[in-house]
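As structure tokens, the structure follows; a few thoughts come after it.
A, B, ... follow the sequence lines: proteins, then strands. Residue 1 opens every chain. Hydrogens, waters and symmetry mates are skipped; everything else that's a heavy atom, side chains included, is used.
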Amino acid sequence: MPELPEVETTRKQLAPAIVGQTIATVAIHAGAERLAMTHAPRELEAQLSGRTIEALTRHGKYLLAALDDGRTWVLHLRMSGSLVVAPVDEPHRYERARVTFEDGTILRFNDLRKFGTWHLVEDPRDAMPNVGPDAVSEAFTTAWLRDQLGRRSVAVKSALLDQKVAAGVGNIYADEACYIAGVDPRTSANTLGPRRVARLHDAVVEALERSLTDGGTTFSNYVDGLGGEGLHKTRVHVFRRDGEPCDRCGSIIRKIRLGGRGTHYCPRCQRR
DNA sequence: CATGACTCCTGTTTGC
DNA sequence: TGCAAACAGGAGTCAT
């Protein structure tokens, strides 16, 4: 569910509440044991307890909590996760884990589908193999995108979903980027010319940054670090707008399946 | 290496 | 109306 803008919004809201704080206790609830990727659940709880969070950063859709022992706690929300700092102790139906800090602050990891993951590692790269440059970083360049797309024959939309190509892009922003660039999402990645790749690069960044200024997008159950909804829903061009008119040309937005994912596009504005 | 099918889990939407 | 299948913002594993 959460993509780069949603994870970044969560990071910004969580940071003031937890950076500099020391973890008192961690509880990974029964039934959510698979959350713990690098250790047994009880062992991970013990290893995190007593640690101080020195920084909270993000790479793609991963949150990275730098700890005072030099290790990094890497969290991923996958499809349905959210991290919420709760001012009061109200239970959440899908709370899978809870972190309590020494000052009493409570951080909840809520996750309906239980796909979320926690890694505790020496080197954060160990927790995110096959992940390329963050899509809103300097490292994500037109040249990089041209090289990566040139190596793939899959549909360009599917290529954009590959975290090696552009870390942080998910289904919403892959569709939005193709729309903004005027590219049919089914186009083979390695058939795009350099000018269209450049447009697509700029479109990826534009789609993500537009959403970032709105605090992300909420479609079903995403909530930000304070439990609020993102505002970007009202500003998407195509995602989940099938049957509605394109706001550029008025054609009806279509929905198809591409690489197993729902894909939305304007049949007139987006060309092969 | 690249690709596509399958898997994890639970709730909601769609189609007959 | 009711039920079963398909679908949901992700990504790892496996066979090819």
If I take atom [atom1] in residue [X] and atom [atom2] in nucleotide [N], what distance separates them, rounded to the nearest angstrom?
| X | N | atom1 | atom2 | answer |
| --- | --- | --- | --- | --- |
| A:Asp162 | B:dC1 | CG | P | 13 Å |
| A:Asn171 | C:dA8 | CG | P | 8 Å |
| A:Tyr173 | C:dG10 | OH | P | 10 Å |
| A:Leu77 | C:dA11 | CG | P | 10 Å |
| A:Asp126 | C:dG12 | CG | C1' | 16 Å |
| A:Leu75 | C:dG10 | CG | P | 18 Å |
| A:Arg261 | C:dA6 | CZ | P | 18 Å |
| A:Arg257 | C:dA6 | CZ | P | 10 Å |

Salt-bridge criterion met for [X] and [Y] (N-O under 4.0 Å):
| X | Y | value |
| --- | --- | --- |
| A:Asp214 | A:Arg210 | no |
| A:Asp123 | A:Arg71 | no |
| A:Arg78 | A:Asp111 | no |

Is A:Asp247 close to A:Arg241 at the side-chain level, that is, under 4.5 Å between some pair of heavy atoms? yes

Summary of protein contacts for nucleotides 3-16 of chain B, nucleotide by nucleotide, where a base hit scores B, a sugar-phosphate-only hit scores S (4.0 Å, heavy atoms): SS---BBBS-----

Give me the distance, rounded to whole Å, that separates B:dC6 from C:dA6 when you measure between the P atoms they each carry. 12 Å

If we call it a pair only when both distances are under 3.5 Å in a Watson-Crick or G-U wobble match, what pairs with B:dC9?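 No nucleotide pairs with B:dC9.
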
Taking the six-membered ring for Trp, is the centroid-to-centroid distance between A:Tyr179 and A:His264 below 6.0 Å? no

According to a strict under-4.0 Å criterion, is A:His76 in side-chain N/O contact with OP1 or OP2 of C:dG10? no

Does C:dG10 have OP1 or OP2 under 4.0 Å away from a side-chain N or O of A:Gln163? no

On a heavy-atom basis, which atom in A:Trp144 and which in A:Val165 lie closest, and how many Å separate them? NE1-O, 2.8 Å

Evaluate the criterion side chain to side chain donor-acceptor pair (under 3.5 Å) for residue pair A:Thr105 and A:Asp103; output intermediate values, then yes/no. CA-CA 6 Å; A:Thr105 296; A:Asp103 77 340; 2.8 Å; yes

Would you classify A:Lys255 as touching base, sugar-phosphate or nothing, given that sugar-phosphate means primed atoms plus P, OP1 and OP2, and contacts are heavy atoms under 4.0 Å?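 Sugar-phosphate, no base atom in range.
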
